[in-house]
Amino acid sequence: MTKICMTDDIPEREARAFDLESGEIIFITQRDGQFYAYLNLCPHLQTELEFLENQFLDQDGEFIECSTHGALFNVEDGECISGPCQGESLTAVAIEIHSDGGIYLKA
Ligand code: FES
């Protein structure tokens with residue numbers, strides 16, 4: 001089972017990117033004590049979402065934001081609620097938290 005990081009590495013309303021062995025880049029964010037992971041690919045043009053390192057959220061930390069055309073996505077389900085890919089969604093990555101406080105890729 002692949003460990004990605006510790007829960008402590010991802011503060012509430014912040015996000016961190018991680019390179020997986022598969023070559024995919026994902027990011028994880030925390031909202032209300034829950035952790036959400038998505039592929040770092042905007043469904044609009046399949047580009048990476050962030051312009052600045054680990055800047056995946058909008059200014060208020062409310063939504064995930066694509067820096068290219070400003071699409072906004074729900075943190076909880078990855079659905080685009082505003083922007084050119086409205087109605088499409090980020091690709092969720094299945095993760096699980098273990099008792100050691102680690103965040104793991106779900107096998
Ligand atoms: S590439 Fe993300 S909104 Fe256009």
Side-chain angles (χ1 to χ4, degrees):
M1 186 155 289
T2 306
K3 187 176 187 175
I4 307 168
C5 64
M6 300 297 288
T7 52
D8 287 351
D9 295 331
I10 305 171
E12 176 77 20
R13 287 184 183 249
E14 290 190 27
R16 297 284 182 272
F18 300 94
D19 294 316
L20 300 185
E21 281 177 14
S22 63
E24 293 171 313
I25 303 172
I26 68 168
F27 66 96
I28 303 175
T29 186
Q30 184 184 172
R31 172 64 50 87
D32 299 330
Q34 300 289 316
F35 292 87
Y36 302 91
Y38 296 99
L39 290 184
N40 183 11
L41 280 180
C42 180
H44 181 214
L45 295 179
Q46 304 298 314
T47 57
E48 293 183 0
L49 293 158
E50 86 284 27
F51 177 64
L52 296 172
E53 192 179 0
N54 294 321
Q55 279 293 326
F56 290 94
L57 301 180
D58 67 354
Q59 216 166 12
D60 300 331
E62 193 60 37
F63 296 99
I64 297 162
E65 182 176 44
C66 177
S67 59
T68 305
H69 303 112
L72 297 176
F73 304 86
N74 290 327
V75 167
E76 293 83 356
D77 62 9
E79 183 180 347
C80 179
I81 49 100
S82 166
C85 45
Q86 191 164 349
E88 297 184 66
S89 293
L90 299 171
T91 302
V93 176
I95 54 172
E96 55 191 18
I97 314 294
H98 288 197
S99 54
D100 64 353
I103 301 177
Y104 291 77
L105 279 181
K106 211 168 184 170

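Note that ligands are numbered from 1 as they come in the structure, with each ligand's atoms numbered from 1 the same way. These numbers come from a predicted model, not from an experiment.
In this structure, Leu41 CG and Thr47 OG1 are separated by 7.5 Å, a value rounded to the nearest 0.5 Å. We find the SG-CG distance between Cys66 and Leu90 to be 9.0 Å, quoted to the nearest 0.5 Å.
Transitive grouping of hydrophobic side chains (ILVMFWY, heavy atoms separated by less than 4.5 Å) brings Phe18 and Leu39 into a common cluster.
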Mind listing the side-chain donor-acceptor pairs of residues 23-33 below 3.5 Å, one per line with the distance, residues two or more places apart or on another chain?
residue : atom : partner : partner atom : Å
Glu24   : OE1  : Ser22   : OG           : 3.2
Thr29   : OG1  : Glu14   : O            : 2.7
Gln30   : NE2  : Ile10   : O            : 2.7
Arg31   : NH1  : Glu62   : O            : 3.2
Arg31   : NH2  : Gly61   : O            : 2.4
Arg31   : NH2  : Glu62   : O            : 3.3

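Contact of the Phe63 side chain with the Ser82 side chain is not registered, since no non-hydrogen atoms from C-beta on lie closer than 4.5 Å.
Within the protein, the number of N, O or S atoms lying under 2.8 Å from atom 4 (Fe) of ligand 1 is 2.
Atom CD of Glu21 is surrounded by 12 or fewer heavy atoms from other residues, nucleotides or ligands within 6.0 Å.
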